[in-house]
*Asks:* 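First the structure, which I've put down as structure tokens, then a few questions once you've had a look.
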Amino acid sequence: MSFNLQDSFRKMNEGDVLLAYKGSITPDLITNVLEVIESKLDDINTVSAVKKKIYNVLVESLQNLFHHIDELPGQIKDEFDARFGVLVVSREGDLYRISTGNFVRKGKVKQLKDKIDKINSLTRDELKDMYKFVLNHQKLSSKGGGGLGLIDIAKKTGNRMEYSFLNYNKEFDFFNLNVFVSEPSN
Amino acid sequence: MESVIIEGTPKTPSVKFDAATGILEIKGRSIPENSIEFYKPLVDWLDKYSTDPVSQTVVNIHLEYFNTSSSKCILDVFKKLELIHKAKNDVVVNWYYEEDDEDMLEAGEDYESIIRIPFKMIEVED
């Protein structure tokens with residue numbers, strides 16, 4: 001399937017949308033988004049543990065975008081903002097969905113797919129062990145990324161991540177990642 | 001040795017490291033994009049402090065949120081403290097977590113399982 005921003009954004013905006021953004025992902029934008037979502041979560045009638053999970057997962061999702069967005073070549077640059085990314089936080093029934101999108105070089109797609117598939121296949125205890133192993137053995141990159149974001153998201157949400165890669169051009173795919181925080185059922 | 005006093009911001013915690021009393025405190029949120037910038041001076045301070053620590057160092061970690069970038073730097077802080085403890089000095093970590101915040105409790109337990117210093121898990125009200 002090939003990528004069309006309007007279609008993708010529309011699809012990401014399904015459900016009850018708390019927040020939607022498309023444009024440059026910068027540290028200031030992240031600060032602003034977190035402020036907005038925090039005040040929105042204040043108004044929502046759910047337990048504080050769920051709010052904290054949503055906040056935590058949002059931090060990791062946004063910072064994953066920030067650390068991994070590829071510099072776009074000229075032709076895309078004209079059409080999209082520099083450091084272009086998409087974020088939608090929505091609610092469908094008892095699930096909160098945090099959906100992110102960004103361009104990735106095709107050369108990175110397989111590695112990213114394998115990583116998500118691997119994380120999705122692990123049990124909670126295995127995720128905990130993996131988290132501790134990476135925490136203790138992997139150095140931070142110069143940008144501050146530690147390779148722990150996706151593992152942490154999976155560990156905290158307890159839900160499988162969904163993803164798609166849409167063909168944009170010869171060099172780039174558009175990567176859409178959905179993570180879910182569930183309301184406790186009781 | 002000079003104390004470290006840093007005010008909190010929306011993305012970084014407040015810090016009080018007092019060499020005279022041996023009470024070290026990190027409190028608030030730690031969610032910067034690049035946590036090395038923030039934590040490097042703290043790790044360097046601990047390096048110096050470890051050459052002449054007081055007999056009991058008490059470390060109070062009271063975080064509301066921290067991101068995975070910070071989690072590595074916090075581990076570096078604990079590794080410095082572990083060296084102080086290894087050199088036959090008293091070190092205790094008080095890990096504060098808000099009630100019902102199981103993720104924060106679990107994070108403390110993860111560190112406890114990696115680092116050889118005594119941890120105390122302390123639940124506080126929201």
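Convention: sequence-line order gives letters A, B, ...; per-chain numbering from 1.
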*Asks:* Side chain, backbone, both or neither: which part of A/S48 has a heavy atom under 4.5 Å from chain B?
*Replies:*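 The side chain, not the backbone.
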*Asks:* Under a 4.5 Å side-chain heavy-atom rule over Ile, Leu, Val, Met, Phe, Trp and Tyr, are B/V92 and B/Y49 clustered together?
*Replies:*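 No, B/V92 and B/Y49 fall in different hydrophobic clusters.
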*Asks:* When clusters are formed by joining ILVMFWY residues with side-chain heavy atoms under 4.5 Å apart, either directly or through shared neighbours, do B/I122 and B/L63 land in the same one?
*Replies:*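 In one cluster: no.
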*Asks:* By number, which residues in residues 103-118 of chain B have some heavy atom less than 4.5 Å away from chain A?
*Replies:*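 If one takes a 4.5 Å heavy-atom cut-off, the residues of residues 103-118 of chain B near chain A are B/D103, B/E106, B/D110, B/Y111, B/S113, B/I114.
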*Asks:* For B/K16, does the NZ atom have more than 12 heavy-atom neighbours from other residues, nucleotides or ligands under 6.0 Å away?
*Replies:*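 Not more than 12 within 6.0 Å, no.
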*Asks:* Taking the side chain as every heavy atom from C-beta outward, state whether B/L75 and A/K132 have any atom pair closer than 4.5 Å.
*Replies:*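 Not in contact.
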*Asks:* Between A/Q63 and B/I31, is there a donor-acceptor pair closer than 3.5 Å when you use the side chain of the first and the backbone of the second?
*Replies:*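 Yes, because the side chain of A/Q63 sits within donor-acceptor range (under 3.5 Å) of the backbone of B/I31.
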*Asks:* Please report the interatomic distance CD(B/E102) to NZ(A/K156), rounded to the nearest 0.5 Å.
*Replies:*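 Answer rounded to 0.5 Å: 13.0 Å.
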*Asks:* Other residues, nucleotides and ligands only: do more than 12 of their heavy atoms fall within 6.0 Å of NZ on A/K108?
*Replies:*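 Yes - once you tally the heavy atoms of other residues, nucleotides and ligands closer than 6.0 Å, there are more than 12.
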*Asks:* Identify whether A/F180 and A/I44 are in the same connected component of the hydrophobic contact network (ILVMFWY, side-chain heavy atoms under 4.5 Å).
*Replies:*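 No, because A/F180 and A/I44 fall into different hydrophobic clusters, even though each may have its own neighbours under 4.5 Å.
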*Asks:* With clusters defined by side-chain heavy atoms of hydrophobic residues (ILVMFWY) lying less than 4.5 Å apart, directly or transitively, does B/L46 cluster with B/V58?
*Replies:*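 No; tracing contacts between hydrophobic side chains, which count when under 4.5 Å, never links both residues.
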*Asks:* Got a second to check how far B/T68's OG1 is from A/N64's CG, nearest 0.5 Å?
*Replies:*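 So the gap between those two atoms works out to 7.0 Å.
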*Asks:* Are more than 12 heavy atoms from other residues, nucleotides or ligands located less than 6.0 Å from atom NZ of B/K86?
*Replies:*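 It does not: B/K86 NZ has 12 such atoms or fewer within range.
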*Asks:* Using heavy-atom distances under 4.5 Å, tell me whether A/L34 contacts chain B through its side chain, its backbone, both, or neither.
*Replies:*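 Contact with chain B: side chain only.
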*Asks:* For the backbone of A/P27 and the side chain of B/K11, can you confirm whether one donor and one acceptor N or O come within less than 3.5 Å of each other?
*Replies:*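 Indeed, once roles are kept as given, a pair shorter than 3.5 Å links the two residues.
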*Asks:* Sub-4.5 Å heavy-atom contacts with chain B: which residues of residues 54-61 of chain A show up?
*Replies:*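 Near chain B, by residue number: A/Y55, A/N56, A/V59, A/E60.
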*Asks:* Quick check on the hydrophobic clustering: are A/I69 and A/L62 connected, directly or via other members, by side-chain heavy-atom contacts under 4.5 Å?
*Replies:*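 Result: yes, single cluster for both.
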*Asks:* Measure from the side-chain N and O atoms of A/H67 to the backbone N and O of B/N34, and report whether any donor-acceptor pair falls under 3.5 Å.
*Replies:*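 No, A/H67 side chain to B/N34 backbone: no donor-acceptor pair under 3.5 Å.
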*Asks:* Where on B/D101 is there a heavy atom nearer than 4.5 Å to chain A: the side chain, the backbone, both, or neither?
*Replies:*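 For B/D101, side-chain heavy atoms alone lie under 4.5 Å from chain A.
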*Asks:* Using a 4.5 Å cut-off on heavy atoms from C-beta on, say whether the side chain of B/E33 contacts that of A/T31.
*Replies:*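 Sidechains of B/E33 and A/T31: no contact.
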*Asks:* Quick test of your reading of the model: are A/K51 and B/E98 salt-bridged, counting only N-O distances below 4.0 Å?
*Replies:*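 So A/K51 does not pair with B/E98 through a salt bridge.
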*Asks:* Decide if atom NZ of A/K106 counts as having more than 12 heavy atoms of other residues, nucleotides or ligands within a radius under 6.0 Å.
*Replies:*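 Buried by this count: over 12 neighbours within 6.0 Å.
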